[in-house]
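Side-chain atoms are counted along with the backbone in the values below, which use heavy atoms only and exclude waters and symmetry mates.
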Amino acid sequence: MQAVERFEGGQKNREVAAASRVSEQSVERWRRQWRERGETGVLSKGSPGRPRLSDSQMARLERELERGPLVHGWADQRWTRAWIKTLIGRLYHVSYTVEGTWQPLKRHGWSWQQPARRAIERDDDAVERRKKTWPLVRKPRRLPGRDRPDHGQLTDVDDRSVASWLRAVEHELNRTA
């Protein structure tokens, strides 16, 4: 309410703007609202921010989310933020950003979830073999500044080391298979 005190003190718009670090145009708007409606006309109306759902709307949204995405036309069992955004728009004609859909859910106790189970087709032995052999299969490192062997530059490995590297990889793959 510093602006109101300055208005009542008879200060010019330029002085109020400099003291408040705002444009003169904002001060003119404040002064006009102050003259028309008094102190209440100058009070902040709050951040425009994102739209909020009421408690009853949030309760209905939670019920709809518990029904699952299949009921609402999506072909998966897990909700995505984009789908939740679309559902909120369909139900309430309110637009959230994809990132913003998380905020009301978090406020109401929802948490980020990951599937607890693994795919039925998963082969844990194959996964372990890959973890061991992948570092061996990766492309050999090149010396800095010599990353274009097609232009006559040499790499840090010669033909003998490549051949021995390939034999080692083949041996490791045969051994773990």
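Atom CZ of Arg107 is separated from atom CG of Leu53 by 8.5 Å, given to the nearest 0.5 angstrom. Here Leu65 contributes atom CG and Met58 contributes atom CE; the two are 7.0 Å apart, rounded to the nearest 0.5 Å. Annotation: the span from Thr86 atom OG1 to Arg81 atom CZ amounts to 13.0 Å, rounded to 0.5 Å. Here Asn13 contributes atom CG and Arg29 contributes atom CZ; the two are 12.0 Å apart, rounded to the nearest 0.5 Å. In this structure, the separation between NZ on Lys106 and OG1 on Thr101 is 12.5 Å, given to the nearest 0.5 Å. To the nearest 0.5 Å, atom CD of residue Glu24 and atom NZ of residue Lys12 are 11.5 Å apart.
Put simply, the side chain of Val4 does not reach to within 4.5 Å of the side chain of Trp30, judged on heavy atoms. Contact check for Trp110 versus Pro104: no side-chain heavy atoms found under the 4.5 Å cut-off.
Counting heavy-atom neighbours within 6.0 Å of Arg90 CZ, excluding the residue itself, gives a total above 12. Remark: Gln25 CD is loosely packed, at most 12 non-hydrogen atoms of other residues, nucleotides or ligands lying under 6.0 Å away.
Take Glu36 and apply the side chain to side chain contact (heavy atoms under 4.5 Å, CB included) test, not counting sequence neighbours, and it matches Arg32. Remark: Gln33 engages no residue in a side-chain hydrogen bond (donor to acceptor under 3.5 Å, both in side chains) (not counting sequence neighbours). Residues passing the ring-ring contact (aromatic ring centres under 6.0 Å, His included) test with Trp74, sequence neighbours excluded: Trp79, Trp83.
The pair Arg67-Glu64 meets the salt-bridge criterion, with a side-chain N (NZ, NE, NH1 or NH2) lying under 4.0 Å from an Asp/Glu carboxylate O.
The shortest heavy-atom contact between Trp34 and Glu39 is CD1-N, 4.1 Å.
No donor-acceptor pair under 3.5 Å is formed between the side chain of Ser26 and the backbone N or O of Val22.
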Derivation and outcome, side chain to side chain contact (heavy atoms under 4.5 Å, CB included), residues His108 and Asp55 | CA-CA 9 Å; His108 284 82; Asp55 289 337; 3.9 Å; yes
List the steps and the verdict of side chain to side chain contact (heavy atoms under 4.5 Å, CB included) for Leu87 and His72.
-> CA-CA 8 Å; Leu87 181 64; His72 295 282; 3.6 Å; yes
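Checking Arg63, Glu62, Gln57 one by one against Arg60, the side chain to side chain contact (heavy atoms under 4.5 Å, CB included) holds for a single residue, Arg63.
Placement of Ile84 and Val98 in two distinct hydrophobic clusters is found when ILVMFWY residues are connected by side-chain heavy-atom separations under 4.5 Å, directly or transitively.
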